[in-house]
2 protein chains.
Amino acid sequence: MSDFKELLDRDKVQQCPRHYVLALTDTLNVMNGKWKLPIIASLLHGKIRFKDLQNNIDKITPRMLSKELKELELNGIIERKVYNQTPVLIEYILTESGKNLTGLIDSMIDWGMLHRTEAIKSSWPND
Amino acid sequence: MSDFKELLDRDKVQQCPRHYVLALTDTLNVMNGKWKLPIIASLLHGKIRFKDLQNNIDKITPRMLSKELKELELNGIIERKVYNQTPVLIEYILTESGKNLTGLIDSMIDWGMLHRTEAIKSSWPND
DNA sequence: ATTAGTACTATACTTTTGTATACTAGAATA
DNA sequence: TATTCTAGTATACAAAAGTATAGTACTAAT
């Protein structure tokens, strides 16, 4: 469907495929940083609360978790549901877009594994 | 092939699919930052020199370009070829792993575009 | 009145990433 | 001898990302 090479024809680089560039930078922004993927990962098996996220994700501070959740919500990846109980209950769930990331994450894993075998072929230090 | 959901079975999160996690973080690291993709993009149509990269990529400073090229080389995404001429000629080219990123980049573009249509459905500000 | 549970926020700090501007080295050319 | 070419490096600074640690607001139970 979309061929990235198009993006890179010398003539086209600057002018043309704005929507591709935007889509790509959107995607990068969504996954950007140390904590986004672990959070998305934790959400893939359903709704989950703040404290549980904090327990699931090793070494994340409440500050970072809070900040990242806000960004993910703003970007339309997760939804924040408030239940008016006492003590208040808040749950985070993935939106459709968030769920759709699964395929992309799989592609990333595939590339990463392929890359490791390539790298070993070129006798690259394996950790 | 690789199902990311596996990664997220509560029981497995911490212990099991280390190779998946490693592969995924490898991939994130490779694309990470402001300049990696533009550089990879510029390299997709063949070998290119430092100064040409600097001209191709808007506003990149030689310091950042140099730093990013080193990282990409270390990560096995590009190769640096030195020709012993005067003045010295140095060319950068993608490795096989680097070329293989095309498919992944396409997946990212696809997700980004899908996400934009989803976002518009939920009346999210477009830009 | 005190303690505990939920979901965070505040403050100060360190580290990483990025910017601005100038400079270097080695050899050929004018 | 001075300038030009390629491919960067050096230094100082600013901004963004992340860490550490403590504290807040609300309510319910003890």
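Naming convention: chains lettered A, B, ... in sequence-line order (proteins, then strands); numbering from 1 in each chain.
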Inset, instruction - Mind listing the closest non-hydrogen atom pair of Leu43(A) and Ile48(A) along with its distance? - result: CD2-CG2, 3.3 Å
Inset, instruction - Kindly give the heavy-atom pair with the smallest separation between Ser97(A) and Gly76(A), and that separation in Å. - result: CB-O, 3.8 Å
Nearest whole angstrom, please: distance from the [atom2] of [N] to the [atom1] of [X].
X: Lys47(B); N: dA7(D); atom1: NZ; atom2: P; value: 13 Å
X: Leu89(A); N: dC26(D); atom1: CG; atom2: P; value: 19 Å
X: Leu53(A); N: dT6(C); atom1: CG; atom2: P; value: 14 Å
X: Ile48(B); N: dG8(D); atom1: CD1; atom2: C1'; value: 16 Å
X: Asn84(A); N: dT27(D); atom1: CG; atom2: P; value: 10 Å
X: Tyr83(B); N: dA7(D); atom1: OH; atom2: P; value: 11 Å
X: Ile57(A); N: dT19(D); atom1: CD1; atom2: P; value: 12 Å

Say you draw a straight line from [atom1] of [X] to [atom2] of [Y]; how long is it, rounded to the nearest 0.5 Å?
X: Leu104(A); Y: Asp106(B); atom1: CG; atom2: CG; value: 11.5 Å
X: Ser107(B); Y: Ile105(A); atom1: OG; atom2: CD1; value: 12.0 Å
X: Trp111(A); Y: Leu101(B); atom1: CH2; atom2: CG; value: 4.5 Å
X: Lys81(B); Y: Ile93(B); atom1: NZ; atom2: CD1; value: 4.0 Å
X: Arg49(A); Y: Leu89(A); atom1: CZ; atom2: CG; value: 6.0 Å

Inset, instruction - Select base, sugar-phosphate, or nothing to describe what Leu65(A) touches, counting heavy atoms under 4.0 Å on all strands. - result: nothing
Legend entry - Sequence neighbours excluded - side-chain hydrogen bond (donor to acceptor under 3.5 Å, both in side chains) pairs with any residue from residues 27-39 of chain A: Lys36(A)-Glu71(A)
Inset, instruction - Could you run through nucleotides 8-22 of chain C and give me one letter per nucleotide, 5' to 3': B if any protein heavy atom sits under 4.0 Å from the base, S if only the sugar-phosphate is that close, - if neither? - result: BB-BB-----BBB--
Inset, instruction - Please examine the side chains of Glu118(A) and Thr95(B), heavy atoms only from C-beta on, and report whether any two atoms are closer than 4.5 Å. - result: no
Legend entry - Five-pair end axes of the helix from dA1(C)-dT30(D) to dA30(C)-dT1(D), angle between them (10°): 30°
Inset, instruction - Give a yes/no on whether any side-chain N or O of Thr86(A) is located under 4.0 angstrom from OP1 or OP2 of dA28(D). - result: yes
